[in-house]
Amino acid sequence: MDGNYYMIHDYLIFIGVFAIFLFLTTSIYLFNQNQKLKQRNTKLSETNKLIEQRLNEVRLEHIGTKLNPHLFKNILNSVQSHAYQTYMSLDKLANVLDYILYESNNKYVSPKEELNFALSLIEINKIKINPLFDFRIKSRINKSDALYEEKVFAPLISVDLIENAFKHTDFLAQDSFISIYMELENGVFTMKVSNKASLKNILEKEKSGFGSQSFDQRLKMIYSTYYQLERSSKNGIFTAELKINLGEFYDKMRYSG
């Protein structure tokens, strides 16, 4: 009887040890499989990020190829339509063309470079308007801002708002105007453009959609959650206000790089 008891006891111990061994082996196997799965998911996630990044770069390149010829055409039309003022605008034109040809190929430029370009572009567009036209431009640029000369600004971002204002304004109407305000303060860039459009331009905007789709796409791909773009229209007055938190975007660039 005692012999059977010890046999059963040894058998139960064997079963227990075997069960523990099987549990540990299975746990280790499942743990290793889980780690391999995590590593695979990490690699897939990194690959997807690289693919998405490259796709965004291709999209941006495509937008850029459509943007530059369009900008060239508008600039040349402005100069050609007022030949008597061409000599006075050659210096501004040279600055704009140099910027488009060389600086716009860079991924980022400094706010200083982009703002100088924007002011030159405005001066060229002013050629085609009457000297008595109500044109208001104001800038509040803090040149001591830490980001003033840092490469954080996507080139040609200011083009769309400026070009739209000149394109959709009825320069013959008595109450027409264009107002442009630019600011750089505490790492935040602000650009606000307003203009009074004719009824024809209002109808065209309603049909085609207010604003540039490629401009919106470019902002979203580059600045993601670090920008705000608001558009409004009231009584024929169109206003677009762009704010980019260059400070937070710069921090993200440094830490992710």
Side-chain angles (χ1 to χ4, degrees), residues 71 75 78 88-89 91-93 95-96 98-100 103-104 106 108-129 131-169 171 175-197 210-212 215-216 218-220 222-234 237-254:
L71 183 58
I75 292 172
S78 296
M88 297 178 62
S89 64
D91 184 52
K92 300 296 182 183
L93 179 61
N95 291 339
V96 168
D98 281 345
Y99 188 84
I100 295 172
E103 300 301 330
S104 66
N106 298 325
Y108 297 107
V109 297
S110 67
K112 176 183 178 180
E113 292 168 318
E114 178 71 12
L115 290 168
N116 287 337
F117 160 75
L119 292 172
S120 294
L121 183 62
I122 290 169
E123 288 301 316
I124 290 173
N125 275 284
K126 282 172 62 178
I127 295 174
K128 59 188 176 185
I129 63 177
L132 299 178
F133 179 79
D134 185 4
F135 183 82
R136 316 161 197 168
I137 178 168
K138 183 179 179 181
S139 61
R140 186 179 170 217
I141 308 301
N142 182 3
K143 295 183 179 180
S144 63
D145 191 289
L147 297 177
Y148 183 60
E149 297 191 29
E150 290 289 343
K151 303 292 185 181
V152 292
F153 215 114
L156 304 179
I157 281 292
S158 59
V159 168
D160 190 86
L161 300 184
I162 296 172
E163 289 286 293
N164 273 346
F166 282 95
K167 179 180 178 182
H168 296 290
T169 297
F171 293 102
D175 59 347
S176 283
F177 72 93
I178 293 177
S179 172
I180 299 176
Y181 174 75
M182 293 182 291
E183 177 184 299
L184 178 66
E185 188 69 36
N186 297 323
V188 177
F189 170 76
T190 302
M191 185 172 188
K192 185 176 181 179
V193 180
S194 301
N195 67 289
K196 180 67 179 289
F210 184 68
S212 168
F215 178 59
D216 294 354
R218 189 164 180 247
L219 281 170
K220 187 174 182 180
I222 297 172
Y223 291 111
S224 184
T225 59
Y226 300 101
Y227 83 97
Q228 291 180 335
L229 177 62
E230 296 180 356
R231 298 185 178 98
S232 63
S233 61
K234 186 175 181 181
I237 297 177
F238 291 88
T239 300
E241 183 171 6
L242 171 65
K243 286 190 176 184
I244 305 176
N245 194 324
L246 296 174
E248 291 186 2
F249 178 70
Y250 182 62
D251 290 339
K252 174 238 178 184
M253 286 175 61
R254 286 191 301 170

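Hydrogens, waters and symmetry mates are skipped; everything else that's a heavy atom, side chains included, is used.
A side-chain donor-acceptor contact under 3.5 Å links E114 to the backbone of L156. In this structure, the side chain of Y223 engages the main chain of A154 through a donor-acceptor pair within 3.5 Å. Under a 3.5 Å cut-off, the side chain of N106 and the backbone N or O of V109 do not form any donor-acceptor pair. A side-chain donor-acceptor contact under 3.5 Å links D145 to the backbone of N186.
Between the side chains of T239 and S194, at least one donor N or O sits under 3.5 Å from an acceptor N or O. No side-chain donor from either of N142 and E183 sits under 3.5 Å from a side-chain acceptor of the other. In this structure, a donor-acceptor pair under 3.5 Å is absent between the side chains of E123 and S120.
For L184 against P111, the heavy-atom pair with the smallest separation is CD2-CB, 3.9 Å. Between L147 and G187, the shortest heavy-atom contact is CD1-CA, 4.0 Å.
Geometrically, R136 engages F177 in a cation-pi contact, judged by NZ or CZ lying under 6.0 Å from the ring centre and within 45° of the ring axis.
You'll find the ring centres of Y108 and F153 outside the 6.0 Å limit.
Each of I244, D160, L219 was checked for a side-chain contact (heavy atoms from CB on, under 4.5 Å) with L229, and the lone residue meeting it is L219.
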field: ring pair (Phe, Tyr, Trp, His ring centres under 6.0 Å) between Y148 and F189, intermediate numbers included
entry: CA-CA 10 Å; Y148 183 60; F189 170 76; over 10 Å; no
